[in-house]
Protein chains: 2
Amino acid sequence: MPKVSQEHLDARRQQIVDAARARFASHGFARTSMADIVDGSGLSNGAIYRYFKSKDEIVIAVCEQGTEALPTALTAESVAAFLEHVRARARDTDHARLVVQIYAEATVSPALAVVVQGQLAALRATIAEMVPPRRSQQADEIAEAFVALCSSYSQQLAMRGDVDSAPYAAALMAIIEG
Amino acid sequence: MPKVSQEHLDARRQQIVDAARARFASHGFARTSMADIVDGSGLSNGAIYRYFKSKDEIVIAVCEQGTEALPTALTAESVAAFLEHVRARARDTDHARLVVQIYAEATVSPALAVVVQGQLAALRATIAEMVPPRRSQQADEIAEAFVALCSSYSQQLAMRGDVDSAPYAAALMAIIEG
DNA sequence: GCAAATAAAACGAGGAGTCACTCTTTTTAT
DNA sequence: ATAAAAAGAGTGACTCCTCGTTTTATTTGC
């Protein structure tokens, strides 16, 4: 095949990332082989290595694309709705399991750790901005605990299947209100 | 060598578990080979398989031995001291990294998931008992969030190196006090 | 026909697990 | 009591396989 549009190239790359993410989420990183990604993507072995230099590069791409959701405001309703969103995503796409896998790999792969740390810092910054003025002095501390507890809810979902979100909603509000 | 005391057998088994834990903590589960455990334990390849049927069995043994610490009371001082203990252990023995590895593996290995779920449930039960009478109605919910946030602090330590424990201490007390 | 892109086979490394064997202690038979 | 036999602990070379990557051949559009 001759030269092809940039959109086409992007689409192909996306196919690979999507296949990899699905497989990482359902089987974990270590138990996903290149052959699995080849099969899942519908492309060939050679094609994959045209778009990614190595398996590790694919992991990083998956991680970079995996933007975490956040509540839109720090109100009880908004937080509760957000937790339900996390719960639904864990149920429907194994997203929680994927996140746990990425975190584990990040503790062992410096390149991935950089990406993950950056994403976590961005999440904390976003939350810190939402902290009500009354507590803006502790905005950073609140954001730290808030984001940590959110990611922990995701982690619990990954390990225990389904977990009621109510205790987490209550705890998050307690953290915000002090 | 002929028949040998039970203590001797236990000691040998412990050698293997210790070597495996150290390596899992520093390099992760997937990046630890049987050869690594052989070298670290000072035993031979064959000897290891006399004590454990497979690598997965070793992981489970490591997990079963890894009891998590807990605060002795739900007071500000006790909780703060506990978090510092977690922090110190992460720094000195890479324990936080080990936990993250185990959690990730548990999402993918049913046998390990059973062990991990049991341990988490025990931790929640212990915390629930400590909840002050004033809030005993919500003891279970509080314990759920409390344990989750503790394990999240550990997770953050694993991924980000060192993290101040103060925000977590404040958040944990906020959860307890509502 | 040519260049780009893909597919498939081949390769080399490394891993988990096995097995035939050794060596030492315990048991047994004389 | 002593020597032969049995049994258990430990060994490490070896096997078989999987995996990530590279190389080679083929196809495809212009």
Side-chain angles (χ1 to χ4, degrees), chain A residues 1-24 26-63 101-102 104-105 108-112, chain B residues 1-24 26-63 101 104-105 108-109 111-112:
Chain A
M1 288 179 193
K3 197 162 250 162
V4 103
S5 71
Q6 184 61 39
E7 290 81 47
H8 187 251
L9 293 178
D10 291 346
R12 279 292 152 84
R13 194 184 147 97
Q14 195 57 44
Q15 266 179 271
I16 298 168
V17 173
D18 289 344
R21 176 173 42 234
R23 187 82 194 188
F24 290 162
S26 63
H27 289 73
F29 176 53
R31 301 191 189 193
T32 296
S33 68
M34 278 293 158
D36 293 329
I37 299 175
V38 168
D39 291 349
S41 68
L43 293 160
S44 69
N45 194 340
I48 303 252
Y49 278 93
R50 173 160 304 283
Y51 291 92
F52 292 96
K53 254 191 66 204
S54 70
K55 186 180 175 183
D56 289 318
E57 262 191 18
I58 299 179
V59 187
I60 290 177
V62 167
C63 179
Q101 296 290 327
I102 288 176
E105 185 69 14
V108 138
S109 151
L112 192 59
Chain B
M1 287 178 193
K3 196 165 247 160
V4 105
S5 72
Q6 186 62 39
E7 292 81 48
H8 181 93
L9 293 178
D10 292 346
R12 280 293 149 86
R13 196 184 147 96
Q14 195 58 44
Q15 266 178 269
I16 298 167
V17 172
D18 288 345
R21 179 176 37 237
R23 188 80 193 189
F24 290 162
S26 63
H27 289 72
F29 176 54
R31 302 191 187 193
T32 296
S33 69
M34 279 292 155
D36 292 330
I37 299 175
V38 168
D39 292 348
S41 69
L43 277 80
S44 69
N45 196 343
I48 302 242
Y49 281 93
R50 176 165 301 283
Y51 290 91
F52 293 97
K53 252 191 68 208
S54 67
K55 187 180 174 184
D56 289 313
E57 261 191 19
I58 299 179
V59 189
I60 290 176
V62 168
C63 179
Q101 296 290 326
E105 186 67 14
V108 138
S109 152
L112 190 60

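In what follows, chains carry the letters A, B, and so on, assigned in the order in which the sequence lines appear, proteins first and then strands, with residues in each chain numbered from 1. Keep in mind that the numbers below use all heavy atoms, side chains included, and drop hydrogens, waters and symmetry copies. Remember, predicted model here, so these are calculated numbers, not experimental data.
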Measure [atom1]/[X] against [atom2]/[N] and give the value in whole Å, please.
X: A:Leu43; N: C:dA8; atom1: CG; atom2: C1'; value: 14 Å
X: A:Ile48; N: D:dT22; atom1: CD1; atom2: P; value: 14 Å
X: B:Ile58; N: C:dG15; atom1: CD1; atom2: P; value: 15 Å
X: B:Arg50; N: D:dT11; atom1: CZ; atom2: C1'; value: 10 Å
X: A:Gln15; N: C:dA5; atom1: CD; atom2: P; value: 15 Å

message = Could you work out how much the helix from C:dG1-D:dC30 to C:dT30-D:dA1 bends, comparing the axis of its first five pairs with that of its last five, to 10°?
response =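 Roughly 30°, once rounded to the nearest ten degrees.
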For [X], enumerate each residue passing the salt bridge (Lys or Arg N to Asp or Glu O under 4.0 Å) test, keeping only those at least two apart in sequence or located in another chain.
X: B:Asp18; value: B:Arg21
X: A:Arg23; value: A:Asp36
X: A:Arg31; value: B:Glu105

ask   = Base, sugar-phosphate, or nothing: which does B:Phe52 touch, judged by heavy atoms less than 4.0 Å apart?
value =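 Nothing: the residue B:Phe52, judged by heavy atoms under 4.0 Å, touches no strand.
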query = Under 4.0 Å between a side-chain N/O of A:Arg12 and OP1 or OP2 of C:dT6, yes or no?
reply =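 Yes, because at least one side-chain N or O of A:Arg12 sits under 4.0 Å from OP1 or OP2 of C:dT6.
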query = Is there a side-chain polar atom (N or O) of A:Ser44 under 4.0 Å from OP1 or OP2 of C:dT6?
reply =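 Looking at the OP1 and OP2 atoms of C:dT6, neither is under 4.0 Å from any side-chain N or O of A:Ser44.
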side-chain contact (heavy atoms from CB on, under 4.5 Å) involving B:Ser44 - partner list, sequence neighbours excluded =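 Applying side-chain contact (heavy atoms from CB on, under 4.5 Å) to B:Ser44 gives B:Ala47.
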query = Would A:Met34 and A:Ile58 satisfy side-chain contact (heavy atoms from CB on, under 4.5 Å), going step by step from the backbone distance to the final call?
reply = CA-CA 10 Å; A:Met34 278 293 158; A:Ile58 299 179; 4.0 Å; yes
ask   = Quick one: does B:Gln15's side chain have a donor or acceptor within less than 3.5 Å of a partner on B:Ser41's backbone?
value =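 Flag set: sc B:Gln15 to bb B:Ser41 pair under 3.5 Å.
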key: Side-chain donor/acceptor of B:Glu57 to backbone N/O of B:Phe52, under 3.5 Å   =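 Such a contact is absent between B:Glu57 side chain and B:Phe52 backbone.
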query = Measuring from A:Ile102:CD1 to A:Phe29:CZ, what's the distance to the nearest 0.5 Å?
reply =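 So the gap between those two atoms works out to 10.0 Å.
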request  = Output the distance between atom CD1 (A:Ile16) and atom CD1 (A:Ile37), rounded to the nearest 0.5 Å.
outcome  =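 These two atoms lie 9.0 Å from each other.
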If you restrict it to nitrogen or oxygen atoms, what contacts under 3.5 Å exist between nucleotides 17-21 of chain D and the protein, and what is each distance?
{"residue": "D:dG20", "atom": "OP1", "partner": "A:Lys55", "partner atom": "NZ", "Å": "2.6"}
{"residue": "D:dG20", "atom": "OP2", "partner": "A:Met34", "partner atom": "N", "Å": "2.6"}
{"residue": "D:dT21", "atom": "OP2", "partner": "A:Tyr49", "partner atom": "OH", "Å": "2.9"}
{"residue": "D:dT21", "atom": "OP2", "partner": "A:Lys55", "partner atom": "N", "Å": "3.0"}
{"residue": "D:dT21", "atom": "O4", "partner": "A:Asn45", "partner atom": "ND2", "Å": "3.2"}

